[in-house]
Structures are given as structure tokens and as C-alpha cells.
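To start, the structure under review is shown below, and the notes come after it.
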Amino acid sequence: MCGITGWASFHHDARTQAHVIETMTATLTPRGPDAGGVWIGERAAIGHRRLAVIDIEGGVQPMTDRPDEPALVLSYSGEVYNHHELRSRLQHLGHRFRTRSDTEVVLRAYAEWGESAVDQLEGMFAFAVWDERARRLVLVRDRLGVKPLFWAAVDGGLAFASEPKALFAHPEIRPRVDADGLREAYSLLFNTGPTLWSGVREVEPGGILVLDRDGIRERRYWQLEAGSHGDGREATVSRVHDLLSAAARSQLEADVPLCSLLSGGIDSTVLTALAADELRSREGPDARIRSYAVDYSDQASRFRGDVLRTGHDTPFATEAGAFIGTDHSTVVLDPRTLLDPEHRTAVVVARDSPIGVGDMDTSLYLLFGQIRQHSTVALSGEAADEVFGGYPWFHDPKALAAETFPWLLVTGDEAAMPLNPELDLRIGEFREDTYRSALAAVPHLDGESATEHRQRETQYVSLTRWLRQLLHRKDRLSMAQGLEVRVPYCDHRLVEYAFNTPWSLKSHDGREKSLLRAAGTGLAPESVLWRPKNHYPATHHPDYNRGLQDLARDALATEQVRALADETLIKPCLDTPPDRLEWGHRLRLERVVDLALWLDHHRPELAL
């Protein structure tokens, strides 16, 4: 896992701007703390920061197809899990390899198949290839968008980077935010393409962007499609088990210590169990995988349920770890640590955005920091809810009937940033237009009932939008600590199969995630298998709420925050006793505090 950046321009000689590519690359050092390098040609400059995971000595980047007068230059982030099979195919085709890294496999695959090489890659990745002979830049992003890739126009071409902060180190790209950017950020619709930053866009998941003398062209090489499902219940459960097992097995390769995130929910427990079984088959019956969970001081006595949480995670995580046989650890955080301005600022800097979820982001960042002391790679159960229908909105008739994105019924406007009404962003109208466009992209299956299609619509927007912000969150906060997080539930073959499984099979036992529960039978304790859905935990300590209110008051004392925020909606959140502050109102305060930190660090040019 790494950070990539660079640019190509047909109007300027990049060889005169070595300091620019070096500065851009340096901004991504947390993503790649182990090494860095740049390549500079006449029309392109390519940078790379490396987190060494596979072939520590050989996978140096930027990588070229040959040492002298290279035709291809690659800067690559991520992991291609089928690189061994591809290496064998390419060797049979005459390619000779200098390293055993998956990076070189991607490079040789591009040399052999060009842009169509991406169809052969299985994994999470974002990469840039500069073709020196054709004077062409190719940007590629993995199918689900696990790894980020941003770009912006420059004179005569474009610049790209794993994070916007690297783009802002280029002299032609400024950190500018306009009304469209605020609308994108605070509408909570999670569009792909546009970003908070004016002029900065994402390469779409499953997308390819090409720059040459004819201009910029974008296309999708992969997207979800509707298809028939001929398997019965038993065959479907077996197929899900096989696909998930294969995904977990393929993602265990690393030349560095590896662990698993184990919250005590069904998603992480089943995944950890599969990984542990595979390690024992490889290394012997005494092999044990490390597992980690997060908790908060006094959570056992202070926990109270809300719209997202049904119970305390730690007892379930401990039970699951003992059942599987992991070396389990729980990282316990207290209010003072969560409120520490240094930690909160680090989170906002990592995100390049004021939009987050407060203590849940800070705790995840701190958890990753603790894990990084022992491991470089972690497995995560992210995406299981989207793949198998775990969220309440998949099962609530009111949510299914609502003509809006289903998560807005849970988050609601009370949890959104209370923006100053004088900005007149017309977010309601924007949501309606975006929702209609989102539904228009949902694939249809002939003969599908209206009920089944509605479930397909709900799953489609969850996979293509809601999941997008969760993957961004996990990538940015883990990579800020130099930790690679792998997400086996995002294996595109598993996603495709589950997407086209009828809803009657997805909920065959009358509960959420029926297929995963059936496929995970025997891999987790019964208490975990039948546990209700529980979201990532948040602290319930009144000292945290009290400190958060103080931080929000300080934030509102600044002129820029007052110009953007509606103080009349925030004041009731400040006046509520700390032990009675509800989750939605607390999230308003979190957003105000993060807004102040973001404004102070990025100093964006606001064009409102």
C-alpha cells in the first residue's frame, strides 16, 4: 500500500520542476513511510511513497519497464491478489521479471495488454502509467473504489494523487471550495466524481482515465450489472462460503506482520475465523492470528442504545476471539485522549475534509496507531452490510417506500452540519435531483418484480454511494498511520454474486444477512451469529460530551465558522446537559469542531 502522485503536461517541460514533484510526493509520506522516489521526463513527472508489504527489497517505485530509456513508468498503490497466476501467464508470453513484487506484474501486464490489463487484475488498487513513447498517461482505479485516486486539470494536462493534499502542492492547483463543493460535502449523498474541492475530481470506481494529445477520456471497465440467479438456497450458501473463503485466503499474503479487526459482529468474526483457519493450514495447528477491537473507558456501565447501536461490543469480541483462537487485544480509549486537539487535527488532515463522524473517526485513527506498533496489514469486515443487506433500511418498509437515499432516514438533518441558511445551497433540491439520477443508473432484470427491483435499488445505492464514504474513511485513517487495511468483502466476484441473489434468499431466515449467517455457521459463536446489527461504537462518557461542547463553543468564536454554521440550531446542543446529549445533536457539535480544525489547517479559499 502506498501513495502515488504526479502530472503530465504537453505545454511544459517537467524536467524543470523537480522540486514540485518532490514536494507533492512528500505530502504522502504517512501513506508510504518506508521509501519514496520520483521519475521525471520531458512531459511527465511521477512520484511514489512506499509502504513495503510484498517483496521488501524489490518493489521499489516508480517502476520502469527497463533501466535505460524506459517506455513505461508505473506508480502503483494497493494489492493485486492474483499476481502469482498473472506472473506465470506473462512468463509464458515471454516476459522476464526482475522482482517478485505484484507491482512488476501490473507493469508487465500493461506492457502486454495495455488498458485491458485491468480486466485481469483482482484486488484493490489505484495506479498511473506513463507511456513515454505514446506520450499517454493512464489512471486506473479498482472496481469498488477501495483505493482513492484524485485528479485536477493543469495547463496542458492533469495532475493526480492518492489524496487532494498532494494536488495542492502543485502551483496551479489551489484548495478552493465553492457552493457546489459544500453541497457535495454536506448533502451526505456521496457522489462519485465531484469532490468538496473545486476542480478536483475522483477517478470513478471501476474507471480508467486517459490523457494524451487528443485530451482527456474517461470510461468504466466495470460496474454492477443485473443477472439471473439459478442456484437454490443450499447451493447459494455454499457458493457464498466458497467466494468469501477464496477472498480471505488470497488476501493473507504479506512479507510483514498481519492481523484482523475483530469487533464481535458477524462480519469480522466470520472473516477472522476463515483467515485463522487458513493460517493454521499453512503454518501448523499452533498458528494464531492477532485480532484487535476498540472500546471506551466506562463503556460497560455507561452504554445506552441509539439508532445505530444495540449493544456493547467488547464481550462479543472477547468471546469470538476465544472461540476462533486469536491473540486478541482491546484498545481502550478515554475522553481526554479522544478530545486531544492533536489527535483531532490529525484526523481532519488525513481526511482533507471537514466531514466525519467525530469520536468514531478519532478512535479509529488511534486504534490503527496502536495496531501499527505490531502489524502492517489488517483484515477488515467492511462492506458485508452492503453486500448481504445488513442495514435496517433493507428491512424497514418505511425506508423502502421513501423516495430518498435510505441512510438519510437514519442520519437525518439533525445529524448533518447545520449550515448557515444565508448560503442558500438548496440541498433539498440537490438531493432530489441526485436521487433520481442514482435510480436511473440501477440495472434492470427482465421479469423482476417491483418489490425485488426496489431491493435492488436499495442495495445498488448502498454499494455505490454509502460504501464509498466508509471505504474513504478506512483508507485515509489507516494510511495516515502507515497501516494497510484489506477488505475481502469487496471482492468483486462476491459482490456480483450477492447483488444478483434474490432477496428471498438474502433474508431466508427472516433476519438481516441470512446468507452470511448460513455461510458462517460453525465459524462463530451462536451469540455472535444471531447478534443484531451494531454499528461502530461511540463513547457514552459525559466527560467526552462536556469537552466536546467546550470545543464547539471555541469553534463558534471564530468568524469563519460563524459564517458557515447556523448558531440557532447549534445552541440547543450546547445547552443540553452532557449526560443527556443525544447522538444526532452530538454529531452536530462534532461537525462544528471539525469545520474549525479544517479551516485552520487547510485555509481553503471560500468562493461562496
Side-chain angles (χ1 to χ4, degrees), residues 1-2 4 74 76-83 85-86 102-103 105-106 109-110 113-129 138-151 160 162 190-193 201-210 217-227 239-240 243-244 246-251 271 379-388 438 441-443 456 459-476 484-501:
M1 198 65 66
C2 309
I4 70 174
L74 172 70
Y76 156 77
S77 169
E79 304 291 345
V80 169
Y81 303 121
N82 64 331
H83 68 98
E85 299 93 318
L86 289 176
D102 59 331
T103 302
V105 171
V106 174
Y110 185 87
W113 298 304
E115 292 175 32
S116 62
V118 71
D119 297 320
Q120 312 295 322
L121 306 181
E122 299 171 5
M124 56 178 191
F125 47 82
F127 62 84
V129 176
V138 179
L139 304 181
V140 178
R141 193 173 179 199
D142 67 68
R143 295 168 179 84
L144 272 295
V146 179
K147 303 318 298 175
L149 185 53
F150 298 87
W151 67 278
F160 64 90
S162 296
F190 315 117
N191 280 315
T192 55
R201 296 182 62 83
E202 285 187 89
V203 175
E204 297 227 11
I208 294 178
L209 183 150
V210 178
R217 302 181 300 282
E218 294 183 81
R219 69 175 179 88
R220 298 287 292 275
Y221 68 89
W222 182 89
Q223 55 190 335
L224 284 169
E225 296 180 351
R239 180 64 173 154
V240 166
L243 286 169
L244 183 54
R249 184 167 55 250
S250 70
Q251 298 189 28
L271 176 62
L379 300 179
S380 167
E382 199 76 85
D385 286 306
E386 291 78 8
V387 173
F388 294 108
V442 179
R456 185 183 296 279
Q459 187 171 27
Y460 184 89
V461 297
S462 298
L463 283 165
T464 58
R465 290 174 176 272
W466 179 257
L467 179 59
R468 171 180 177 264
Q469 51 94 19
L470 296 178
L471 293 174
H472 262 306
R473 173 178 181 251
K474 190 141 285 181
D475 171 85
R476 304 298 279 281
E484 174 182 299
V485 175
R486 298 177 181 176
V487 281
Y489 287 105
C490 284
D491 183 282
H492 72 278
R493 294 157 299 187
L494 176 64
V495 172
E496 290 170 344
Y497 186 78
F499 182 66
N500 285 303
T501 299

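Values below: every heavy atom of this structure, side chains too, minus hydrogens, waters and symmetry copies.
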- [ ] Any chance you could lay out the side chain to side chain contact (heavy atoms under 4.5 Å, CB included) test for Ile4 and Leu149, step after step, and finish with the verdict?
- [x] CA-CA 8 Å; Ile4 70 174; Leu149 185 53; 3.8 Å; yes
TODO: Determine, stepwise, if the pair Ile208 / Val118 fulfils side chain to side chain contact (heavy atoms under 4.5 Å, CB included).
DONE: CA-CA 9 Å; Ile208 294 178; Val118 71; 3.8 Å; yes
Open item on the list: Using side chain to side chain contact (heavy atoms under 4.5 Å, CB included), reason through Phe388 and Val240 one step at a time and then give a plain yes or no.
Closed with: CA-CA 10 Å; Phe388 294 108; Val240 166; 3.7 Å; yes
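Every residue meeting the side chain to side chain contact (heavy atoms under 4.5 Å, CB included) condition with Asn500, not counting sequence neighbours, appears here in chain and number order: Ala226, Arg456. Applying the side chain to side chain contact (heavy atoms under 4.5 Å, CB included) rule to Pro148 yields the partners Arg31, Phe150, His472, Asp475; only residues at least two apart in sequence or on another chain are considered.
Between the side chain of Gln469 and the main chain of Trp466, a donor-acceptor pair closer than 3.5 Å is present. A donor-acceptor pair is defined here as one N or O able to donate and one able to accept, closer than 3.5 Å; such a pair exists between the side chain of Tyr221 and the backbone of Arg141. Glu382 contributes no side-chain N or O that, together with a main-chain N or O of Tyr489, makes up a donor-acceptor pair within less than 3.5 Å. Judged by distance alone, the side chain of Asn82 and the main-chain N or O of Gln120 form a donor-acceptor pair under 3.5 Å.
In this structure, OG1 on Thr464 lies 11.5 Å from CZ on Phe190, to the nearest 0.5 angstrom. Remark: Met124 CE to Cys490 SG distance equals 9.5 Å, nearest 0.5 Å. Atom OG of Ser116 sits about 9.5 Å away from atom OH of Tyr110, to the nearest 0.5 Å. A distance of 9.5 Å separates OH in Tyr81 from CG in Asp102, rounded to the nearest 0.5 Å. Once rounded to the nearest 0.5 Å, the distance linking CG of Leu379 with CZ of Arg486 reads 7.0 Å. Note: Glu386 CD to Arg465 CZ = 14.0 Å, rounded to the nearest 0.5 Å.
Looking at every heavy atom in both residues, Lys474 comes nearest to Ser380 through NZ-OG, 3.0 Å. Closest approach of Trp151 and Leu139 over heavy atoms only: CB-CD1, 4.3 Å. Shown here for Pro205 and Thr192, the closest heavy-atom pair between the two residues is CD-CG2, 3.9 Å. Heavy-atom minimum distance, Leu494 versus Pro488: CD2-O, 4.3 Å. Nearest heavy atom pair, residue Asp142 against residue Gly123, reads CB-O, 3.8 Å. Nearest heavy-atom pair, Glu115 versus Val210, reported as atom, atom and distance to 0.1 Å: OE2-CG2, 3.4 Å.
Between Asp119 and Trp113, the closest side-chain pair of non-hydrogen atoms is not below 4.5 Å. Side-chain contact between Val106 and Val129 is absent, with no heavy-atom pair separated by less than 4.5 Å.
Between Phe499 and Tyr460, the ring-plane angle classifies as tilted under the 30° and 60° cut-offs.
When Glu496, Arg220, His492, Gln223 are each tested for a side chain to side chain contact (heavy atoms under 4.5 Å, CB included) with Arg143, only one passes: His492.
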